[in-house]
Amino acid sequence: MKATGIVRRIDDLGRIVIPKEIRRSLRIREGEPLEIFTDKEGGVVFKKYSPIGEVGEFTMQYAEAINKSSGIPVAICDLDNIIAVAGVSKKDYLEKPISSQMSNLLERRQIYTSTSNVDELSITEDSEGRVSYLSPIISEGSVVGAVMALKSSEKPLSDETDKKLINTGALFLSKQLEV
């Protein structure tokens with residue numbers, strides 16, 4: 001853990017305020033759920049709750065299935081990080097924060113299609129990877145992540161069938177979260 005030097009008191013209702021600087025840097029918005037953990041040393045850890053993270057192993061298997069059936073490199077993210085990849089190097093993408101461009105796109109609940117090299121959407125802030133097609137995962141009215149086809153020189157996104165496969169993946173994962 002990293003010390004911040006910030007000290008807060010618990011109020012008479014048991015509440016504590018998370019400082020604005022920390023909320024901003026971790027992209028925690030008002031009303032967002034947090035998970036609470038305790039560690040062996042008696043510490044309390046707050047972590048952003050990711051509903052799609054609950055089915056993490058399943059998302060990895062799903063990404064691999066899409067990749068094997070179509071040859072498309074695939075990534076799946078929650079609202080903060082890449083949680084599953086197939087067809088590309090896992091160490092380059094897995095558990096890396098998504099780009100601010102992608103975060104803004106997810107907030108608008110939009111499907112994204114790359115039309116040229118000018119408007120390319122980067123996957124993470126520090127990677128060379130680009131998104132070819134993205135479909136948001138919407139569960140119970142809220143965006144919780146996205147399924148995306150990544151740009152590849154080996155297998156470009158060829159037709160509407162590939163897009164429908166990505167859309168189906170997003171719809172299927174949203175249904176899994178509602179169960």
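Because the structure is predicted, anything quoted here is derived from the model rather than measured.
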Could you tell me if the side chain of Cys77 sits less than 4.5 Å from the side chain of Ile98, heavy atoms only? yes
Pairs touching residues 60-91 that satisfy ring pair (Phe, Tyr, Trp, His ring centres under 6.0 Å), sequence neighbours left out: Tyr62-Phe172
Sequence-distant partners of Glu125, side chain to side chain donor-acceptor pair (under 3.5 Å), two or more places apart: Ser100
Within one Ile-Leu-Val-Met-Phe-Trp-Tyr cluster: Ile22 and Phe46, side-chain cutoff 4.5 Å: yes
d(Ile123 CD1, Met102 CE) to nearest 0.5 Å is 6.0 Å
Validation row: Leu134, Val147 side chains within 4.5 angstrom (heavy atoms): no
Measure the shortest side-chain to side-chain distance between Lys96 and Leu94 over non-hydrogen atoms and say whether it is less than 4.5 angstrom. no
Give the C-alpha distance, both sets of side-chain angles, the deciding distance and a yes or no for side chain to side chain contact (heavy atoms under 4.5 Å, CB included) between Tyr133 and Asp162. CA-CA 9 Å; Tyr133 186 79; Asp162 292 342; over 6 Å; no
Set of residues satisfying side chain to side chain donor-acceptor pair (under 3.5 Å) with respect to Arg9, sequence neighbours excluded: none
About how many Å separate OG of Ser122 and CD of Gln101, when rounded to the nearest 0.5 Å? 4.0 Å
Please tell me if the side chains of Leu79 and Leu106 come closer than 4.5 Å, counting only heavy atoms from C-beta onward. yes
In terms of side-chain geometry, is the basic nitrogen of Arg24 or Glu21 positioned less than 4.0 Å from the acidic oxygen of its partner? no
For the hydrophobic clusters of this structure (ILVMFWY residues joined by side-chain heavy atoms under 4.5 Å, transitively), does one cluster hold both Val44 and Ile16? no
Would you say Leu121 and Leu105 make side-chain contact, with heavy atoms under 4.5 Å? yes
Between Ile18 and Leu34, is any pair of side-chain heavy atoms under 4.5 Å apart? yes
Any pair with a residue in residues 24-43 that passes ring pair (Phe, Tyr, Trp, His ring centres under 6.0 Å), sequence neighbours left out, goes on the list, sorted by first then second residue, please. none
Do side-chain atoms of Asn67 reach the backbone of Ile72 as a donor and acceptor pair under 3.5 angstrom? yes
Do Met60 and Lys90 come within less than 4.5 Å of each other through their side chains, counting heavy atoms only? yes
What distance separates Met148 CE from Leu150 CG, expressed to the nearest 0.5 Å? 7.0 Å
Shared hydrophobic cluster, Ile111 / Val74 (ILVMFWY, side-chain heavy atoms < 4.5 Å): yes
Residues forming a salt bridge (Lys or Arg N to Asp or Glu O under 4.0 Å) with Arg109, sequence neighbours excluded: none
Would you say that Ser139 contacts Lys175 through its side chain, given a criterion of any heavy-atom pair below 4.5 Å between the two side chains? no
Just one of Val85, Ile66, Ile137, Ile82 clears the side-chain contact (heavy atoms from CB on, under 4.5 Å) bar with Ile76, so which one? Ile137
Qualifying residues under salt bridge (Lys or Arg N to Asp or Glu O under 4.0 Å), relative to Arg15, sequence neighbours excluded: Asp11
